[in-house]
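Ligands are counted one by one from 1 in listed order, and the atoms in each one are counted from 1 as well.
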Amino acid sequence: MTEETEILIAGAGIAGLTAALALAQRGCSVTVVDAFEEPSEVGAGLQVAPNASRILRTLGVLDALVSKAIAPEAIRLGDGQTGDMLLEMPITPAWLERMDAPYLTAHRAALHSVLYTAAVANPAITLKTGHAVADVREDGEHVTTVLKTADGEAVIVSRLLIGADGIWSRVRESVPGAAQPQATGRIAWRAIGPASGNGPNVTAWMIPNGHIVTYPVRNADTLNVVAITQGRSEKGDWAQTADADMLVRLLGTTHPIRGFEGMDKAHWTTWPLNAVAPEAPWNSGRILLIGDAAHGMEPFAAQGAAMAIEDGFAAGICLANAVDNPTPAFARYDGLRRGRVRKVAKRTEFNRWVYHQSGPGRTVRNFLFSKRSPQSFLSDLDWLYGYRIPE
Ligand SMILES: Cc1cc2nc3c(=O)[nH]c(=O)nc-3n(C[C@H](O)[C@H](O)[C@H](O)COP(=O)(O)OP(=O)(O)OC[C@H]3O[C@@H](n4cnc5c(N)ncnc54)[C@H](O)[C@@H]3O)c2cc1C
């Protein structure tokens, strides 16, 4: 069966749903397809900084997320080997007022469900689950997308296709010259369990060649723990079951996961970290890549979901009237997003370099951190958290 739609979005993840809501807000009708049959609880925590929560408010979904999220009171950086806290940046009412948006931590499923619920309720958005992109063909006027379904195959012909199908994007194969994901040689270990002593904070414990981040997700007593270590594995999904004993061996004899009571009993999952360099083309003809499909990042600046939200919103701004002539709209999108994404990717890399220091580098880092004023540290990130997409 062949259907027609003006704008097709492949991927009902964070970027795809944001793009759908932003386009609908501008009067467009869109179809969104995803391989999953039902949204799932797979995954763990993520951070929604003010640059993203501000957009969620514009889309009318922020209140729903706030009711399912935590507003941390501080961001803390500590030395995981000694347990010394080096820097504590309070998230003050004055800072939040300046940002004009909250800083939140939540389960990924909570963020996904508020976007998904809003999309389902929106008459301008048609959602088709159980539709996995299998092939994409483009001529000058249309894009033909072949989808695998439980019944066999479906075909959707659209004027534009937005590829928001994540780090292992299938749509990306139809964009000549697009960058491919590269394994970074690091693995993220994740678990959620009972907490004690962490408080409502985002805490990063830095260790040589790795770091551990803890923050509450559902309530102050439910802690999300992410440990980054060296390691490789093949292309993975979001939840490969992992062995906590192996993590303890990798982390060494010191036990930097402080405050996490459930370490031994928690269900640990791992996934290998991959990155897509933000230099290659993001579009061709009538296809645009957004989110992880365009520029997947490691999580060291906690901006993966935020970049997906910024991308989706920017796609809404640029593509709302682009069906007849997408080339200038894609150029505008590139102009809005390329420099910003590069800068955030650089910051991600810088954070890794700082957090993972060992030997004399670690000593110098700890000294410099102990001398910094927390206020100046947060103010230096105004470009990141205070960013607004120009409309
Ligand atoms: C199930 C899941 C759990 C995750 N858990 C976490 C987490 O706990 N913490 C974290 O920081 N990040 C997590 N992520 C990744 C995080 O959501 C992204 O890195 C970030 O938000 C960028 O969003 P995105 O929309 O570009 O990609 P994603 O949010 O990954 O969305 C991509 C969407 O595309 C769909 N898709 C993939 N291939 C096809 C295809 N061939 N046809 C149709 N649809 C397709 C996927 O089902 C998914 O819904 C998770 C991603 C997924 C899919």
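In this structure, Trp383 places its CH2 atom where more than 12 heavy-atom neighbours from other residues, nucleotides or ligands lie under 6.0 Å away. Glu153 CD: more than 12 foreign heavy atoms inside a 6.0 Å radius. Dense packing is recorded around CG of Asp139, with more than 12 heavy atoms of other residues, nucleotides or ligands lying under 6.0 Å away.
Contacts between His107 and ligand 1 below 4.0 angstrom, taking non-hydrogen atoms only, are absent altogether. In Ala164, the part holding a heavy atom less than 4.0 Å from any atom of ligand 1 is the backbone. Contacts between Ala15 and ligand 1, counted as non-hydrogen atom pairs separated by less than 4.0 Å, involve both the backbone and the side chain.
Within the listing of ligand 1, atoms 3 (C) sit less than 4.0 angstrom from a heavy atom of Val42. Remark: ligand 1 atoms within the under-4.0 Å shell around heavy atoms of Ala308 are 22 (C), 23 (O). Counting the atoms of ligand 1 from 1 in the order shown, those under 4.0 Å from a heavy atom of Val133 are 40 (C), 41 (N), 42 (N), 43 (C). The contact set between ligand 1 and Gly291, taken as ligand atoms under 4.0 Å from a residue heavy atom, comprises 26 (O). The ligand atoms of ligand 1 that sit less than 4.0 angstrom from a heavy atom of Phe36 are 47 (O), 49 (O). Which parts of ligand 1 touch Gly166 is read off a 4.0 Å heavy-atom cut-off, strictly below it: atoms 27 (O), 32 (C).
Remark: ligand 1 and Arg170 share no N or O pair separated by less than 3.5 Å (distance only, no angle test). By the 3.5 Å distance cut-off applied to N or O atoms, Ile290 is not counted among the residues near ligand 1. Looking at Trp271 next to ligand 1, no N or O pair under 3.5 Å apart turns up. Between Gly16 and ligand 1, no N or O atom pair is found at a separation short of 3.5 Å. Not a single N or O atom of Leu46, backbone or side chain, sits closer than 3.5 Å to an N or O atom of ligand 1. Residue contacts with ligand 1: Arg108 is placed with a nitrogen or oxygen under 3.5 Å of a nitrogen or oxygen of the ligand (distance criterion only). Polar contact check, Gly45 against ligand 1: a nitrogen or oxygen pair lies under 3.5 Å apart.
Within the structure, ligand 1 has His131 among the residues with a heavy atom less than 4.0 angstrom away. A heavy-atom separation below 4.0 Å is found between Ala132 and ligand 1. In this structure, Met307 has no heavy atom closer than 4.0 Å to ligand 1.
Glu298 and Asn274 share no side-chain donor-acceptor pair at under 3.5 Å.
Under 4.0 Å is where a charged nitrogen must lie from a carboxylate oxygen, and between Lys128 and Glu3 at least one such pair does. A salt bridge between Asp324 and Arg159 is present, with a side-chain N of the basic residue lying under 4.0 Å from a carboxylate O of the acidic one.
Of all heavy-atom pairs spanning His112 and Ala12, the tightest one is NE2-O, 2.7 Å.
Put simply, the side chain of Arg137 never gets that close to the backbone of Thr144: no donor and acceptor are under 3.5 Å apart. With hydrogens and angles disregarded, no donor-acceptor distance shorter than 3.5 Å links the side chain of Arg170 to the backbone of Gly163. Remark: the backbone N or O of Asp100 is paired with a side-chain donor or acceptor of Arg57 at under 3.5 angstrom. In terms of modelled atom types and a separation under 3.5 Å, the side chain of Ser169 and the main chain of Arg172 share a donor-acceptor contact.
Distances from atom 11 (O) of ligand 1 to the heavy atoms of Arg190, Glu41, Gln303, His112 show the closest one on Arg190.
Just one of Trp205, Trp189, Phe300 meets the ring pair (Phe, Tyr, Trp, His ring centres under 6.0 Å) condition when paired with His211; it is Phe300.
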